[in-house]
Undergrad: 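What follows is a structure written as structure tokens; I'll ask about it next.
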Amino acid sequence: MTHALPVATPRQTWVWLCSQLRTRRLEVAFTVATGLGAAGASVVPVTALGLLVDLVRDGAASTALVPIGLLVAGIALLGGIAAGATTSLVSRLGERILANLREETVSVALRLPATTLDRVGRGDLLARVGADVAAVGAAAAEVLPTVISALFLALLSVTTMFGLDWRLGLAGLAVMPAYLVALHWYLPRSAPIYAAERAAVGARSQLLMESLQGVRTVHAYRLENRHLSAIDDASARARDLSIGVFALFTRFVGRINRAELLGLATILAAGFWFVRSGWVTVGETAAAAVLFHRLFNPVSMILFTFDEIQAAGAGLARLVGVGTLPVAPAGAHAVSSADLTLRAVTFGYEERVPVLCGISLRVAPGERVALVGSTGAGKTTVASIAAGILRPISGTATAGGVPVDQLAPGTVAIISQETHVFAGSLIEDLRLARPAATAEAAESALEQVGALDWARALPGGLETVVGEGGHPLTAAQAQQLALARLVLLDPAIAVLDEATAEAGSAGARELEDSALAATKGRTTLLVAHRLTQAAGADRIVVLEHGAVLEEGTHGDLVAAGGRYATLWSAWQSRG
């Protein structure tokens with residue numbers, strides 16, 4: 001059963017956003033100033049219109065209208081430039097903040113313990129760095145500039161109405177309760193639905209990913225209909241939530257339209273009374289009415305993009321939520337001694353189901369120790385703890401006296417049977433271990449593990465594109481590539497978790513030789529899938545049911561006639 005990744009609370013999201021804005025104070029200040037300038041430029045023509053109305057009503061000469069017309073034309077030009085600059089600045093600011101968030105999310109995801117990813121599922125994480133980032137990005141590039149400009153225009157419009165006459169300003173604000181009532185009705189109802197919609201999209205992504213990754217198993221057990229039905233149910237839930245959001249939004253728009261009608265009617269009725277009382281002029285009343293009416297368009301823009309704003313807010317909370325997960329800080333401790341020690345290590349993937357029970361073992365500097373045992377004995381778990389991938393519930397795993405999860409990068413390296421070939425040229429795939437490595441160093445690493453001949457024989461040599469969409473590599477070649485990375489990285493301690501298991505019988509001997517060459521002189525902990533590997537180790541540790549059953553050299557254990565002797569006899573019989 002998987003559990004969803006955490007979602008940040010509104011307060012956590014707001015705190016994160018404020019921290020991002022504080023680090024960009026100058027950029028934010030310049031953007032705000034430009035936006036206010038653009039909004040001010042759009043307000044000036046309206047106030048000029050009120051002045052024109054009063055001049056015409058008072059019978060002013062036509063020449064008196066020319067300066068006002070020139071002023072309006074000049075301000076309109078400057079306003080257009082400022083509006084375009086505001087859109088660009090807001091988009092750039094939003095995209096930079098989003099890029100930082102995306103990098104933080106991926107950084108946290110890459111440093112999460114494997115058990116956490118297994119528990120929460122990778123589909124939800126992919127939905128966050130995919131669909132949620134896209135939703136926030138669309139809002140930052142298209143919606144946010146509109147919203148910011150509309151807010152600035154609304155602020156200056158109300159301020160200008162008070163500047164014309166405080167009574168007109170109060171008449172304009174009289175409609176605010178209607179807007180607030182509409183928002184108070186809509187926001188509490190819509191926010192949970194948007195959050196549920198993003199969660200439904202994540203659940204659908206998880207189902208899709210699981211079905212595609214396990215497509216062979218799905219076909220083998222004829223589970224196509226069951227998986228399709230589950231995906232269909234998840235898609236239907238996401239669809240129904242989207243329809244529910246739209247229906248709610250339509251009702252919200254109706255409430256806002258009624259508020260707009262009420263506000264404009266209030267200004268016109270109050271303005272009529274104020275003019276008759278001699279408190280304001282006809283031009284001032286006309287300007288106030290036009291200013292209020294001009295708010296309809298920006299308010300409508302905000303409303304019609306409100307679903308995108310809500311979706312972006314939900315997506316932002318989900319992305320910030322990933323950053324709340326605890327991750328271990330990057331190690332920085334170097335070690336003078338390359339010994340590997342596990343003391344009284346206890347571990348369980350589920351708290352009530354221990355996998356390891358007080359495991360203790362030591363691999364001396366330069367020693368090669370093999371772990372053997374039946375399936376489920378805990379060999380891979382020991383290897384993962386030794387490499388710092390898993391953290392024990394109790395006990396310690398140290399190298400040179402330093403906890404393995406606090407070691408400097410490159411001190412311990414692990415190779416498992418699930419080797420991934422990254423898309424790109426072969427030499428760049430190899431250089432993942434040491435980006436600055438020269439071509440000669442890369443070739444030397446390949447030669448050491450016996451892979452240089454086939455690498456040079458590829459269509460483009462070491463520049464051949466491999467991985468997804470590229471030249472396919474066999475399982476043995478992929479493992480040799482991983483072993484060459486190990487040589488290039490040159491760690492003090494190597495952990496091999498059944499690193500030759502995928503080779504098959506034909507290439508097993510050759511791959512075992514490659515593994516031996518790659519780990520020569522290194523402190524090595526080896527999970528042995530093939531007992532011929534264990535036989536060549538300096539010492540063998542036999543695990544059963546999460547505990548050390550026996551240990552010693554190959555000859556001593558065979559002579560002892562215990563569990564290892566039984567395994568070796570069965571292995572020889574199979575051979």
Side-chain angles (χ1 to χ4, degrees), residues 334-343 345 359-373 377-390 397-405 407-419 433-434 445 448-451 476 479-503 508-543 548 551-557 564:
V335 294
S336 57
S337 175
D339 69 302
L340 177 64
T341 305
L342 274 66
R343 291 190 179 91
V345 168
I359 290 284
S360 294
L361 63 88
R362 180 177 183 272
V363 185
E367 186 182 20
R368 184 181 178 89
V369 173
L371 294 177
V372 300
K379 304 185 297 297
T380 293
T381 304
V382 170
S384 297
I385 289 175
I389 296 175
L390 299 178
T398 60
V402 178
V404 291
D405 58 348
L407 293 171
T411 305
V412 180
I414 183 171
I415 299 178
S416 71
Q417 61 179 319
E418 299 175 356
T419 301
R434 186 152 59 93
Q448 185 169 334
V449 299
Q479 288 288 3
Q480 282 186 316
L481 179 60
L483 291 168
R485 286 199 207 107
L486 178 72
V487 172
L488 203 58
L489 180 64
D490 193 23
I493 301 171
V495 179
L496 304 186
D497 182 10
E498 299 188 351
T500 64
E502 295 294 326
R509 184 70 250 176
E510 181 181 357
L511 197 52
E512 287 176 13
D513 291 340
S514 298
L516 185 62
T519 57
K520 185 177 181 180
R522 306 182 201 280
T523 304
T524 305
L525 182 64
L526 168 70
V527 176
H529 173 72
R530 309 176 69 85
L531 289 189
T532 50
Q533 284 183 294
D538 299 319
R539 186 159 47 92
I540 300 168
V541 175
V542 182
L543 297 181
V548 175
E551 63 178 298
T553 65
H554 171 74
D556 291 342
L557 292 178
Y564 179 78

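The figures here come from the full heavy-atom set of this structure, side chains too, leaving out hydrogens, waters and symmetry mates.
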Undergrad: For residues 380-389, which residue pairs pass the salt bridge (charged side-chain N to carboxylate O under 4.0 Å, His left out) check, not counting sequence neighbours?
TA: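 Checked against salt bridge (charged side-chain N to carboxylate O under 4.0 Å, His left out) - neighbours excluded - no pair reaches residues 380-389.
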
Undergrad: If you round to the nearest 0.5 Å, how far is CG of Leu486 from OG1 of Thr519?
TA: 7.5 Å

Undergrad: Taking the side chain as every heavy atom from C-beta outward, state whether Val369 and Ile540 have any atom pair closer than 4.5 Å.
TA: no

Undergrad: What are the two closest heavy atoms between Gly366 and Asp538, and how far apart are they?
TA: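 For Gly366 versus Asp538, the nearest heavy atoms are O-OD2, 4.2 Å.
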
Undergrad: Of all the heavy-atom pairs spanning Gln480 and Gly450, show the shortest one and how long it is.
TA: NE2-O, 3.6 Å

Undergrad: Could you tell me whether the side chain of Ile389 reaches within less than 4.5 Å of the side chain of Ile414, counting heavy atoms only?
TA: yes

Undergrad: What heavy-atom pair brings Val449 and Ala518 nearest, and what distance separates the two atoms?
TA: CG1-CB, 3.9 Å

Undergrad: Where is the tightest heavy-atom contact between Ala399 and Leu407, given as atom of each residue plus distance?
TA: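 Result for this residue pair: CB-CD1, 3.7 Å.
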
Undergrad: Could you go through the side-chain contact (heavy atoms from CB on, under 4.5 Å) check for Val382 and Leu543 one step at a time?
TA: CA-CA 10 Å; Val382 170; Leu543 297 181; 3.9 Å; yes

Undergrad: Spell out, as yes or no, whether a donor-acceptor pair under 3.5 Å connects the side chain of Asp405 to the backbone of Gly388.
TA: no

Undergrad: For a 4.5 angstrom cut-off between non-hydrogen side-chain atoms, does Tyr564 reach Glu551?
TA: no

Undergrad: When you check the side-chain N and O atoms of Thr553 and Arg539, is any donor under 3.5 Å from an acceptor?
TA: no

Undergrad: May I ask you to decide if Ala338's main-chain N or O and Thr523's side chain share a donor-acceptor pair within less than 3.5 Å?
TA: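 Indeed, once roles are kept as given, a pair shorter than 3.5 Å links the two residues.
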
Undergrad: Decide side-chain contact (heavy atoms from CB on, under 4.5 Å) for Ile415 and Gln479; before the verdict, give the C-alpha distance in whole Å, the side-chain angles of both, and the deciding distance to 0.1 Å.
TA: CA-CA 8 Å; Ile415 299 178; Gln479 288 288 3; 3.8 Å; yes

Undergrad: Could you check whether any side-chain heavy atom of Thr398 comes within less than 4.5 Å of a side-chain heavy atom of Arg343, counting everything from C-beta outward?
TA: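 Contact flag for Thr398/Arg343 side chains = yes.
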
Undergrad: Thinking salt bridges, do Asp490 and Arg434 make one under a 4.0 Å N-O criterion?
TA: no

Undergrad: Looking at Gly373, is its backbone amide N or carbonyl O close enough to the side chain of Lys379 to form a donor-acceptor pair, meaning the two atoms are under 3.5 Å apart?
TA: yes

Undergrad: Do side-chain atoms of Thr411 reach the backbone of Ala408 as a donor and acceptor pair under 3.5 angstrom?
TA: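 Checked: pair present.
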
Undergrad: Give, for atom CG of Asp497 and atom CG of Leu526, the distance between the pair rounded to the nearest 0.5 Å.
TA: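 With rounding to 0.5 Å, CG (Asp497) is 9.0 Å from CG (Leu526).
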
Undergrad: So, taking the atom named CD1 in Ile385 and the one named CD1 in Ile359, what distance separates them when rounded to the nearest 0.5 Å?
TA: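 It comes to 9.0 Å.
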
Undergrad: How close do Ala484 and Ala445 get, heavy atom to heavy atom, and via which atoms?
TA: O-CB, 3.6 Å

Undergrad: What distance separates Leu525 CG from Leu371 CG, expressed to the nearest 0.5 Å?
TA: 4.5 Å

Undergrad: Are any side-chain N or O atoms of Thr524 and backbone N or O atoms of Lys520, one a donor and one an acceptor, separated by less than 3.5 Å?
TA: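 It does not hold such a pair.
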
Undergrad: Distance check, rounded to the nearest 0.5 Å: Asp339 atom CG versus Glu367 atom CD?
TA: 10.5 Å

Undergrad: Would you check if there is a donor-acceptor pair between the side chains of Thr532 and Glu512 at a distance under 3.5 Å?
TA: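 Side chains of Glu512 and Thr532: pair found under 3.5 Å.
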
Undergrad: Measure the CG-CD distance between Leu496 and Gln533 for me, rounded to the nearest 0.5 Å.
TA: 7.5 Å

Undergrad: How close do Val372 and Ala528 get, counting heavy atoms only, and between which atoms?
TA: CG1-CB, 4.0 Å

Undergrad: Taking the side chain as every heavy atom from C-beta outward, state whether Leu483 and Leu511 have any pair of such atoms under 4.5 Å apart.
TA: yes

